[in-house]
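The structure appears right after this line, and notes come after that.
In what follows, every chain begins at residue 1, and chains take the letters A, B, ... in the order their sequences are listed.
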Amino acid sequence: MKLYNDLNRKKEDFVPVDPELVRIYSCGPTVYDFFHVGNARPFIIFDTLRRYLIYRGYKVKFVQNFTDIDDKIIRRANEEGTTSAELSERFIKEYYTDAKGLGIHKADVHPKATEVVPEIIEMIETLIEKGHAYASVGDVYYRTLSFPEYGKLSHQPIDDLMSGARVDVSEIKENPLDFALWKAAKPGEPAWESPWGPGRPGWHIECSAMAKKFLGDTIDIHGGGQDLIFPHHENEIAQSEGANGSEFARYWVHNGYLNIDNQKMSKSLGNFFTVRDASAAYGYDTIRFFMLSSHYRSQINYSRETLSQAKAGLERLKNCRANLVFLLDKSGEGGLCENEKAVMEKLEGCKADFIDAMDDDLNTADAISAIFEMARLLNAATMESPTKAFVESGLALFDELTGVLGILGEDAEDEDAAEIEALIAERQAARKAKDFAKSDAIRDKLTAMGILLEDTPQGPKWRRA
RNA sequence: GGCGCCAUAGCCAAGUGGUAAGGCAGCGGACUGCAAAUCCGCGAUUCUCCGGUUCAAAUCCGGAUGGCGCCUCCA
């Protein structure tokens with residue numbers, strides 16, 4: 001597999017340090033609110049990368065953190081008259097709700113920053129010992145100039161970074177580029193004891209500490225949004241490599257931005273959509289499908305039109321699968337006929353195309369086109385009395401590929417099935433009696449219940465919209 | 001000022017040297033009580049523009065125009 005590595009800005013063959021186990025760290029949410037559709041992109045992308053690596057036979061250890069202590073959380077908690085801990089717990093729960101809806105599997109470890117404070121302190125002490133950090137009035141800062149490779153991920157000469165850095169009027173920091181590892185507690189803020197007095201960890205250090213604790217000094221893939229390249233990931237490299245003395249992450253993979261109506265998402269423009277709200281409008285599955293319909297590194301545009309198009313496209317794949325499931329117990333026994341054998345070969349060709357696409361830097365857009373081709377072949381081949389053997393193997397292959405992308409979700413038991421089946425039977429009776437007014441009325445009623453009904457040569461077929 | 005990205009049919013979107021995937025929308029046909037779904041057929045002589053390299057370029061090089069991002073919290 002090839003992956004684009006931002007360290008050298010090239011597609012590289014992916015070779016994990018340990019051929020048996022791929023170690024991935026992906027930056028997770030700061031839990032002070034529902035996460036928005038922009039946040040959802042990396043979650044979906046790296047979930048898909050993880051699924052694909054597993055599909056290709058790797059074992060994967062996947063770590064995604066929760067930032068559960070920071071300025072925004074403290075501020076929001078104060079506004080709501082609650083504590084940081086309660087607020088972050090609440091939005092961690094909400095994260096899991098949306099993540100599950102989006103088909104994002106739970107990470108192997110979901111560490112919280114507040115759970116690794118001892119490891120963070122230990123790492124900061126190491127950095128101080130090695131001359132990479134210094135304490136200053138209860139804070140601790142990273143001495144950026146002590147790490148000569150600073151800027152190697154963002155490809156910025158350190159001089160340019162310095163000229164762009166905000167000049168700090170105070171003399172707390174030695175250099176404007178220095179960033180906080182430990183922040184002294186202000187009155188009323190949550191605080192942990194440390195050698196430098198009560199305080200809390202800076203944002204960047206938590207990821208370095210968690211990656212080290214759960215994945216070791218060198219990880220294979222570090223993921224996140226492009227906006228984290230600088231300063232967050234640059235700082236992680238400085239911290240981890242400064243403290244551990246070894247390479248931190250071998251492949252740095254970043255997803256592109258998500259724009260709203262061709263504009264950058266921003267609260268001042270009011271073009272902000274949470275996944276919770278977006279899912280109500282289009283469905284979680286549409287959001288995931290939409291994200292995977294373009295290459296992960298390109299910018300994508302979230303709009304009413306693009307989401308509606310994604311929903312319609314996904315519909316085609318859902319119909320294909322529903323048709324196969326419907327035919328499962330209605331198809332004839334016996335082995336594949338000659339024509340079906342030929343189609344199966346073409347389906348295998350689609351699978352090969354799918355793998356080629358995914359191997360090429362996770363080209364999910366191209367991979368999806370292979371699935372559409374597969375759908376066309378399956379639809380055409382099952383128009384009249386396919387064999388059960390064909391339907392079964394076709395469905396298995398279809399599920400295999402859509403499952404890697406996680407785009408069709410899992411079958412859910414329908415609690416209203418009995419009632420729906422009764423209505424459909426009633427409608428069939430009306431149709432048989434050529435009482436079309438009644439049969440159409442029943443179909444309208446089912447439509448209102450969110451049931452899509454189709455008449456087929458094998459009888460009526462229904463599924464949830 | 002520094003570092004980058006993008007420009008492909010009405011819309012979305014693959015394609016990094018060999019003669020333009022796929023999807024949505026639309027049109028025609030088949031099927032259907034009607035519908036839905038599905039199948040078949042139809043759309044870029046051409047990839048923003050201008051030069052160049054090459055037997056050959058959407059793909060490489062130079063330039064122009066337009067759009068965007070990072071360099072500050074941010075997925």
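Dashed line: the shortest gap from a side-chain N or O of A/S298 to OP1 or OP2 of B/rA14 is under 4.0 Å. Dashed line: the shortest gap from a side-chain N or O of A/N319 to OP1 or OP2 of B/rA36 is not under 4.0 Å. Taking only side-chain nitrogens and oxygens, A/K461 never comes nearer than 4.0 Å to OP1 or OP2 of B/rA36.
Among the protein residues, A/E305 comes within range of the sugar-phosphate backbone only, with heavy atoms under 4.0 Å from sugar or phosphate atoms but none that close to a base. Note on A/F230: only backbone sugar-phosphate atoms sit closer than 4.0 angstrom, heavy atoms only; bases stay farther off. Among the heavy atoms of the strands lying under 4.0 Å from A/L258 is at least one base atom, whether or not backbone atoms are also near. Nucleic acid contact for A/N379: sugar-phosphate only, since backbone atoms but no base atoms lie under 4.0 Å from a heavy atom of the residue.
The C1' atoms of B/rG17 and B/rC5 are separated by 23 Å, rounded to the nearest whole Å. Between the P atoms of B/rA13 and B/rU54, the separation comes to 36 Å (whole Å). Between B/rA20 and B/rU45, the two C1' atoms lie 11 Å apart (nearest whole Å). Taking the C1' atoms as reference points, B/rU32 lies 12 Å from B/rU38, given to the whole Å. Comparing the C1' positions of B/rU8 and B/rC12 gives a spacing of 12 Å, expressed to the nearest Å. When the C1' atom is compared between B/rU65 and B/rC49, the two are found 7 Å apart, to the nearest whole Å. Nucleotides B/rG29 and B/rA36, compared at atom P, are 15 Å apart to the nearest Å. B/rA14 and B/rG23: their P atoms are spaced 15 Å apart (whole Å).
A stem is defined here as three or more consecutive Watson-Crick or G-U pairs, each with both distances under 3.5 Å; for RNA chain B these stems are B:1-7 with B:65-71, B:10-12 with B:22-24, B:26-30 with B:38-42, B:48-52 with B:60-64.
By the side chain to side chain contact (heavy atoms under 4.5 Å, CB included) test, A/F273 pairs with A/V37, A/I260, A/Y302, sequence neighbours left out. A search for ring-ring contact (aromatic ring centres under 6.0 Å, His included) contacts involving A/H233 returns A/H222, A/W252, A/H254, not counting sequence neighbours. With sequence neighbours left out, A/K346 forms a salt bridge (charged side-chain N to carboxylate O under 4.0 Å, His left out) with no residue at all. In this structure, A/D444 has no salt bridge (charged side-chain N to carboxylate O under 4.0 Å, His left out) partners at least two apart in sequence or on a different chain. In this structure, the salt bridge (charged side-chain N to carboxylate O under 4.0 Å, His left out) partners of A/E189, at least two apart in sequence or on a different chain, are A/R200. When the salt bridge (charged side-chain N to carboxylate O under 4.0 Å, His left out) test is applied to A/E384, no partner is found at least two apart in sequence or on another chain.
Residues from residues 248-256 of chain A with heavy atoms under 4.0 angstrom of RNA chain B, sorted by number: A/N255, A/G256.
With a 6.0 Å cutoff to the six-membered ring centre and a 45° limit on the axis angle, A/K330 counts as a cation-pi contact of A/F326.
Atom CG of A/D227 is separated from atom P of B/rU72 by 13 Å (rounded to the nearest Å). At whole-Å resolution of the value, CZ in A/R463 and C1' in B/rA36 are 11 Å apart. If you take CD1 of A/I158 and P of B/rG2, they are 19 Å apart, rounded to a whole angstrom. Computed from coordinates, the A/N301 CG to B/rA13 P distance equals 8 Å when rounded to whole Å. Straight-line distance from the CD1 atom of A/I451 to the P atom of B/rA36: 18 Å, rounded to whole Å. One atom, CZ of A/F354, and another, P of B/rA14, lie 16 Å apart when rounded to the nearest Å. Rounding to whole angstrom units, OH of residue A/Y302 and C1' of B/rA75 are separated by 16 Å. Between the P atom of B/rU38 and the CG atom of A/L324 lies a distance of 12 Å, rounded to the nearest Å.
Pairing each heavy atom of A/F230 with each of A/S154, the nearest pair is CD1-OG, 3.6 Å.
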Enumerate all atom pairs, one protein N or O and one N or O from nucleotides 4-9 of chain B, separated by less than 3.5 Å.
{"unit_1": "B/rG4", "atom_1": "O5'", "unit_2": "A/R9", "atom_2": "NH1", "d": "3.0"}

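Among residues at least two apart or in separate chains, there is no salt bridge (Lys or Arg N to Asp or Glu O under 4.0 Å) pair with a member in residues 249-265 of chain A. Here side chain to side chain donor-acceptor pair (under 3.5 Å) pairs that include residues 396-409 of chain A, with residues two or more places apart or in two chains, are A/Y55-A/E400, A/R321-A/D399, A/K351-A/E400.
When the nucleotides B/rC39, B/rA75, B/rC73 are ranked by their closest atom to the side chain of A/A380, B/rC39 comes out on top.
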Seminar exercise, completed: Letter by letter from the 5' end, nucleotides 20-34 of chain B scores (B base, S sugar-phosphate only, - none; protein heavy atoms under 4.0 Å) -BSBB--------BB

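The aromatic rings of A/F289 and A/F372 sit perpendicular, their planes meeting at an angle over 60°, well past the 30° parallel limit.
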Exercise. Run the ring pair (Phe, Tyr, Trp, His ring centres under 6.0 Å) check on A/F66 and A/F91 step by step: do they pass?
Worked result: CA-CA 10 Å; A/F66 286 116; A/F91 284 111; over 10 Å; no

Exercise. Which is it for A/Y284 and A/D98 under the side-chain hydrogen bond (donor to acceptor under 3.5 Å, both in side chains) test, yes or no, and what are the steps along the way?
Worked result: CA-CA 8 Å; A/Y284 282 117; A/D98 285 330; 2.6 Å; yes

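Between A/V22 and the choices A/I219, A/L49, A/L53, the side chain to side chain contact (heavy atoms under 4.5 Å, CB included) rule is met once, by A/L53.
Closest-nucleotide positions on RNA chain B for A/Q156 and A/N262 were compared, and the one nearer the 5' end corresponds to A/Q156.
A donor atom on one side chain and an acceptor atom on the other are not found under 3.5 Å apart for A/Y141 and A/N175.
Ring to ring, A/Y96 and A/H110 are close: their centroids are under 6.0 angstrom apart.
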